[in-house]
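Being a predicted model, the structure only gives us computed values, none of them experimental. Computation of the quantities below employed the complete heavy-atom set of this structure, encompassing side-chain atoms and omitting hydrogens, waters and symmetry-equivalent molecules.
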Amino acid sequence: MENLNFNEMNLSEEILKAVADMGFETATPIQAQSISSILAGKDVLGQSQTGTGKTAAFAIPCIEKIDEESQALQALVLCPTRELAMQVSEEFRKLLKYKQGVKVLPIYGGQAIEKQILMLKKGVQIVIGTPGRVIDHINRRTLKMQNVNMVVLDEADEMLDMGFREDIETILSRVLDDRQTVLFSATIPKAILELTRKYQNNPVEIRVKKKELTVNTIEQIYFQIREINKIEALCRLIDAKDPELGLIFCNTKRKVDELVEKLQSRGYFAEALHGDLKQHQRDMVMKKFRSHTLQIMVATDVAARGIDVDDIDVVINYDIPLDYEQYVHRIGRTGRAGKSGTAYTFVTNREMFKLREIMSYTKANIALGSLPSVKDVEDNRIKAYVEQIKETMESPNLAKYMKIVKKIVETEEITSLDIAAALLTMQLYNENEVDIDFEKDKFRDFRDKEERKTSKFSRDKSKSSKDEKMVRVFMNIGEKQKIRKKDIVGALANEVKIPTKEIGPIDIYDNFTFVNISEKYAKQALSKMKFVKIKGNSIDVELAKKAKR
């Protein structure tokens, strides 16, 4: 069944044409096993990961079972997040390209409910919604459930993790008892089995085998590294690999925010995605990521459930996932749609047992890797810069600048090679590059005693750095200009080349800011910051006046 063609599945001509337009011929394993069972009216319990084609696995039979003569609501699809509801709705619309008699509507929070009510009154046969908004419509009696004969729970484990169990049970209690219930979940924990026993009738169980949980097109590598070295390792990796789109996972929202702040202060185009962000903020981040205007997105597992981007080329587990099925779900974000991808995982010595469990469960070959050296990063930068130079050489303005270079050579008694080398140094040289001996780190004995010594040394070193004499600097920008601490740190670190460890406390007020800077870098800050703009604002910088006693 795994190599079944869609034209062998007794589907309508309209669906076959739509599937062909989407570029599909052969059904994925989850599709091949699910579509026929759902078409036969059976309840289904399916385990599947993102990127396996599971949306079409329930969308195709759902559409085929709709009575086009009736304008009543006949099918309900529940999704944990607004993002997923929108993506599922888009998949339905593609499949409905040649079926004009079937109407589908996504309903979710964050969108004006009046608009949804108006659309529901016009007649909709399929609703795709989040539990909270669906219940809202049920209570308003704008969602009439008496003719619903199919309910699909998509990403059911995630809905339970997000606390939607009571909402799900409330919704199911409003639907006909003899309805068809289809449940898809990335994992099948005890809570899912309890839901199945209570609300499904002898479901057909379709589980993706362990060997199918990972994708052959994903190269999987791990680095054994200390926690304190992770940020340097991450920056080294990003600089060397220079991903078009990179997705980084952390286990907590707080860790996501901390990591994004560190990356932004070092000049990377990185933003956060987690549940504490407002909906419009999440939408904006996803829009940037999909359009490739954002290179690095740092996310939690819950927020990442709604990500459906086919061209993510690197996934990095900054924190090793809490369980092996989370690992599978994370790395499945790359290597999609037949493309290749790479998944990197940072592992401390104490976490090696988790990595062994992941490898045992997935039957995956996760190879020990060597982090790129400073020379690797430099070589990569030079290579990219040379390509940029070659492209610029095609510019029609080149002749103008050749004259300038020729004049400099003639008047300053220096060669064009000197000029090129100086420009290359200005563009590529980073005086603050930190070179950690990762190779020695990798093979070191990670006994608890030694790790405690290292941590203590690190704290003492940090403390001594902060004990150096600091100078208080005044800047004429503040909260009214929407300035944040990371904007100040980013400007000082990236434009003025002051190491972040030499930047002390920052106090931001309405129209001005005070920054504490190591005394040895104060002159550098005063002379160079006047040429820097922060969020379009020119900066006046001066030493802060001492308060009168």
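Sorted by first then second residue, the side-chain hydrogen bond (donor to acceptor under 3.5 Å, both in side chains) pairs that include residues 162-172, not counting sequence neighbours, are Arg165-Glu169, Arg165-Glu194, Glu169-Lys198, Glu169-Tyr199.
Rounded to the nearest 0.5 angstrom, Thr196 OG1 and Asp43 CG are separated by 9.5 Å. Summarising the geometry, atom OG1 belonging to Thr130 is positioned 11.5 Å from atom CE belonging to Met86; distances are rounded to the nearest 0.5 Å. Taken from CZ in Phe92 to CD1 in Ile60, the straight-line distance is 9.5 Å, to the nearest 0.5 Å. Note that NZ of Lys115 is 9.5 Å distant from CG of Leu118, once rounded to the nearest 0.5 Å. For the atom pair CD1 of Ile126 and CZ of Arg93, the computed distance is 10.5 Å after rounding to the nearest 0.5 Å. The line from CZ of Arg174 to CG of Leu76 is 12.5 Å long, rounded to the nearest 0.5 Å.
Remark: the backbone N or O of Leu247 is not paired with any side-chain donor or acceptor of Arg333 at under 3.5 angstrom. At least one donor-acceptor pair closer than 3.5 Å links the side chain of Ser291 to the backbone N or O of Lys288. Listed for the Glu271 side chain is no donor-acceptor partner under 3.5 Å among the backbone atoms of Met286. A donor-acceptor pair under 3.5 Å is absent between the side-chain atoms of Asp313 and the main chain of Thr334, judged by distance alone. A donor-acceptor contact shorter than 3.5 Å is absent between the side chain of Gln200 and the backbone of Arg197. Checked by atom type and distance alone, the side chain of Gln180 pairs as donor or acceptor with a backbone atom of Ile38 at under 3.5 Å. Although no hydrogens or angles enter the test, the distance criterion places a donor-acceptor pair under 3.5 Å between the side chain of Lys535 and the main chain of Lys482. When atom types are taken as modelled, the side chain of Arg179 and the backbone of Leu176 share a donor-acceptor pair closer than 3.5 angstrom. Under a 3.5 Å cut-off, the side chain of Thr187 and the backbone N or O of Pro189 do not form any donor-acceptor pair. Side-chain atoms of Ser70 come within 3.5 Å of backbone N or O of Ala72 as a donor-acceptor pair.
Atom NZ of Lys99 sits in a crowded spot, with more than 12 heavy atoms from other residues, nucleotides or ligands closer than 6.0 Å. The environment of Tyr98 atom OH is dense: over 12 non-hydrogen atoms of other residues, nucleotides or ligands sit within 6.0 angstrom. Annotation for Asn10: atom CG does not count as buried by contact number, only 12 or fewer foreign heavy atoms lying within 6.0 Å. The local environment of NZ in Lys354 is crowded, with over 12 non-hydrogen atoms from other residues, nucleotides or ligands closer than 6.0 Å.
Ring centroids of Phe184 and Phe58 are separated by less than 6.0 Å, placing the two rings close together. Between Phe223 and Tyr344, the distance from one ring center to the other falls under 6.0 angstrom.
In this structure, a donor-acceptor pair under 3.5 Å is absent between the side chains of His137 and Arg141. Side-chain contact, Gln111 with Gln116: a donor N or O sits under 3.5 Å from an acceptor N or O. Side-chain atoms of His274 and Thr300 form no donor-acceptor pair, as typed in the model, at a separation below 3.5 Å. In summary, the side chains of Glu64 and Ser12 do present a donor paired with an acceptor at a separation below 3.5 Å, with no hydrogens or angles considered.
By the 4.0 Å N-to-carboxylate-O rule, Glu227 lies close enough to Lys255 to be salt-bridged with it. A salt bridge links Arg484 to Asp487: at least one charged side-chain nitrogen sits closer than 4.0 Å to a carboxylate oxygen. Salt-bridge annotation for Asp283 and Lys287: absent, with no side-chain N of the basic residue lying under 4.0 Å from a carboxylate O of the acidic one. Ion pairing between Lys54 and Asp154 holds under the 4.0 Å rule for side-chain N and carboxylate O.
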List the steps, then state whether side chain to side chain contact (heavy atoms under 4.5 Å, CB included) holds for Ile248 with Leu234.
-> CA-CA 10 Å; Ile248 302 173; Leu234 177 63; 3.8 Å; yes
Derivation of the side chain to side chain contact (heavy atoms under 4.5 Å, CB included) call for Ile225 and Leu371:
CA-CA 10 Å; Ile225 188 170; Leu371 278 157; 3.9 Å; yes
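Across Ala85 and Ile128, no two heavy atoms sit closer than the pair O-CG2, 3.7 Å.
Glu261 meets the side-chain contact (heavy atoms from CB on, under 4.5 Å) test with Lys486; sequence neighbours excluded.
For the pair Lys230 and Tyr318, the cation sits on the ring face: its NZ or CZ lies under 6.0 Å from the ring centre, inside 45° of the axis.
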